[in-house]
Amino acid sequence: MKKDSIKAGLIGFGTIGRGVAKLFLNSGSIINSKSGIAVELKKICDLDITTDRGIKLPEGMLTSNINDILNDPEIDIVIELIGGYKPALDFVLRAIQAGKHVVTANKALLSKYWDEIAGAAAKNGVQIMAEASVGGGIPILRGMDKGLAANRIEKIMAILNGTCNYILTKMTFEKMTFDAALKEAQAKGFAEADPTLDIEGFDTMHKITILSTMAFGSRIKEGDIPVEGIKKVDYTDIEYAGEFGYVMKLLAVAEKEGAAASVRVHPALVNKKHLLASVNNEFNAIYLKGDAVGETMFYGRGAGEMPTASAVLSDVIYIARDISHGLEHIEKTVKSGQPVKMQKPGDIISKYYLRFNVVDKTGVLASIAGVLGKNNIGIESVIQKVQKQHFQVPVVIMTYAAKESDMNKSLKKINAMKAVKEKTVVYRVVD
Ligand SMILES: NC(=O)c1ccc[n+]([C@@H]2O[C@H](COP(=O)([O-])OP(=O)(O)OC[C@H]3O[C@@H](n4cnc5c(N)ncnc54)[C@H](OP(=O)(O)O)[C@@H]3O)[C@@H](O)[C@H]2O)c1
C-alpha cells in the first residue's frame, strides 16, 4: 500500500542512536529526497531520558516506555540500537510481529538469532536491514548483495575490529606492548572499558557470521567458526614477521569451495604487498573475491557515531523507498538460508609461521625439519638468531602451504621433543 510519509521509532539513544537522531534532524531534506517520501523520526526510547545528549529534540519525542514505539500503528520502521541480546531480541520480534520493518546495528543479536529473526520477518512480510552491523560505515552488505549480485562469492578476508587493528598497528609501528596499546585505544574511545569481545575475537566472529551467511546464501552458525583473538600476540612475532615481509592482522576468513564452506577468525601474517596489509589503526577493510568481479576491497571506518549512523540511515532510506514504491515485500536483506556443509578444519590449507624456542645444539633444526618433512610440510625459509637466553635460541620457520591436520600432527611431535623448551608459536600466513 502506498503511503504519503514514513515514521520511524528509535530504541537506544546512546552513541549510535545520537548520531542517527542528528542525521534525521540535520539531513532531513537528503533523506526525504533519496527516499522519495517524507521520513520522520517520531519517537526515541531510552532508559535514561534526563541526561543531556547535546541535541535539541522536538517536544515529546523522548520516552522511556517501549510501547510508545512498538504499539504505535503509525510507526513503520523500528531502529534497534540498544545492543546485546536481552531485551533487544524481544523488542525486534515484537516489532516484526506488529508488521514493522526493522533496522539494527546489533551484530551480536543477528549472529546468534539470525534464524529466529529472518523466520519471523518472512512470516510477517517485513524487511530487516543491518548494514551497520558489519564494518560500521562501510557499505559492504549492500555492496555485496546488490553491487556484486551477479557473482558467486568465493572468498572473504576481512579486518573487522577497529580495536584489534589499532592495537596491532601500535605494536607494529611503535613497538608498544599489547597492554599499552589497549590502554591507548581505550583512551581514544576505540575500545570498550571491557574489551573482551573485541580482543578475544568474538566481535569479529559475530560480523563474519553475518557477512558469510549473506555472501554464501547459506546459514553459517557461530558454533562452526573457530575463534582465536589477539591477546597472546607477542611483539617478538611481529618483529620476525616483518623480517619475512609480513604484518600481523586479526583476520576473519570465509571461503566456499564447491558445496563446503570454511569460516574462521584468527591472527595471521599478511604479506606486506597484500591490500589488507596497509589497513592500519582503527580502520576496517573487507577484501573479497567474486567469480566475475575478481578481487575487490571495501575500506573505511568500522565504528563510531557518525559512520555507523550513516549506515543505519541508508537502511532506513532503502526501506522507505521500498514502501513508497509499494514494494515492501519484494526483497529481504536478512533472509533464511539453508545450513551449509562446513569443511573439516584439518583439511584447510595454509602457509605457516612457526617459532620454536630450542636448546642451542647442533641437529635440533634438522630434527624439526625431519618431523615437518615426514608430514608433507616443506620449509620455505628459516631465521635462526644467535642471541642466547639460558642456552636457548629462537628458530623461526616459514613453511610452504600445508594441511592443518599435518601441521597439528607435526606440532604434537615437535612440542614433545626434549630440545624444544616452550610450546611452539604458530600463525597462519596469507600471501
Ligand atoms: N559504537 C559503535 O561504534 C558501533 C558500531 C557498529 C555497531 N554498533 C552497534 O550499535 C548498537 C548500539 O551501540 P552504541 O555504541 O550506541 O551503544 P550505547 O552507547 O551503549 O547505547 C545503547 C543505549 O541503549 C540504551 N538502552 C539499553 N537498554 C535499553 C532498553 N531496554 N530500553 C531502551 N534503551 C535501552 C542505553 O541506555 P543506558 O546507557 O542507560 O543503559 C544506551 O543509551 C550495538 O548493537 C552495537 O553493537 C556500535
Side-chain angles (χ1 to χ4, degrees), residues 9-23 43-55 57 61-71 78-95 102-113 117 128-141 158-166 185-186 188-198 202-211 281-284 286 300-316 334:
L10 165 62
I11 314 172
F13 199 24
T15 308
I16 311 305
R18 203 173 66 128
V20 167
K22 274 188 203 165
L23 279 182
K43 280 275 172 207
I44 301 177
C45 172
D46 199 282
L47 299 174
D48 169 9
I49 56 169
T50 54
T51 300
D52 180 9
R53 320 251 174 181
I55 315 177
L57 296 174
M61 187 181 272
L62 263 180
T63 177
S64 58
N65 183 354
I66 189 68
N67 294 328
D68 288 346
I69 290 180
L70 297 182
N71 293 351
V78 169
I79 306 167
E80 182 278 304
L81 294 174
I82 63 175
Y85 302 119
K86 265 187 179 176
L89 179 63
D90 177 49
F91 291 169
V92 165
L93 292 178
R94 278 181 60 195
V102 173
V103 173
T104 179
N106 194 336
K107 57 254 177 178
L109 184 76
L110 267 186
S111 167
K112 188 164 182 184
Y113 293 107
I117 293 170
I128 310 291
M129 283 200 175
E131 185 62 71
S133 66
V134 182
I138 306 171
I140 177 61
L141 299 186
I159 295 170
L160 294 172
N161 186 275
T163 303
C164 291
N165 206 36
Y166 186 85
Q186 283 168 323
K188 290 200 166 171
F190 300 137
E192 302 281 339
D194 176 0
T196 314
L197 275 182
D198 293 326
F202 294 110
D203 177 76
T204 299
M205 182 266 278
H206 293 149
K207 292 167 180 166
I208 195 67
T209 306
I210 296 168
L211 197 52
N281 294 311
E282 73 276 23
F283 281 87
N284 283 197
I286 300 103
R301 292 191 186 278
E305 180 183 331
M306 297 318 292
T308 310
S310 146
V312 170
L313 255 300
S314 80
D315 283 347
V316 171
V334 172

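Order of listing sets the numbers, starting from 1, for every ligand and every atom in it. All values derive from a computational prediction rather than experimental measurement.
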Would you say [X] contacts ligand 1, with heavy atoms under 4.0 Å as the rule?
X	value
Leu47	yes
Gly136	no
Arg53	yes

* Considering only non-hydrogen protein atoms, determine which one is nearest to atom 8 (N) of ligand 1 and report residue, atom name and distance to 0.1 Å. =>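 Its nearest protein heavy-atom neighbour is Lys107 NZ, 3.7 Å.
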* Closest protein heavy atom to atom 44 (C) of ligand 1, given as residue, atom name and distance to 0.1 Å ->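 Residue, atom and distance for the closest contact: Gly83 CA, 3.6 Å.
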Is it the case that the side chain of [X] and the backbone of [Y] share a donor-acceptor pair, with hydrogens and angles ignored and the cut-off at 3.5 Å?
X	Y	value
Arg18	Arg53	yes
Asp46	Ile49	no
Ser310	Met306	no
Asp203	Asp198	no

Would you mind listing which atoms of ligand 1 come within a distance below 4.0 Å of any non-hydrogen atom of [X]?
X	result
Asn106	45 (O)
Ala132	6 (C), 7 (C)
Gly304	2 (C), 3 (O)
Gly14	16 (O), 19 (O), 21 (O), 23 (C), 43 (O)

At under 4.0 Å between heavy atoms, is it the side chain or the backbone of [X] that contacts ligand 1, or both, or neither?
X	answer
Glu305	neither
Thr308	side chain
Ser64	neither
Phe91	side chain

* Asked: Out of Thr51, Ile82, Asp46, Ile16, who gets a non-hydrogen atom closest to atom 42 (C) of ligand 1?
  ->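 Shortest heavy-atom distance from atom 42 (C) of ligand 1: Asp46.
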* Asked: Salt bridge check: are Glu305 and Lys22 linked by an N-O gap of less than 4.0 Å?
  ->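 Yes, Glu305 and Lys22 are salt-bridged.
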* Are any of the side-chain nitrogens in Lys86 or Asp90 under 4.0 Å away from the carboxylate oxygens of its partner? ->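 No, no charged N to carboxylate O under 4.0 Å.
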* Asked: What are the two closest non-hydrogen atoms of Val78 and Ala95, and how far apart are they?
  ->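 Here Val78 and Ala95 meet closest at CG2-CB, 3.9 Å.
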* Asp48, any N or O under 3.5 Å of ligand 1 N or O ->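 The answer is no, given that Asp48 and ligand 1 share no N or O pair closer than 3.5 Å.
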* Measure the SG-CG distance between Cys45 and Leu81 for me, rounded to the nearest 0.5 Å. =>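 One finds 12.0 Å between SG of Cys45 and CG of Leu81.
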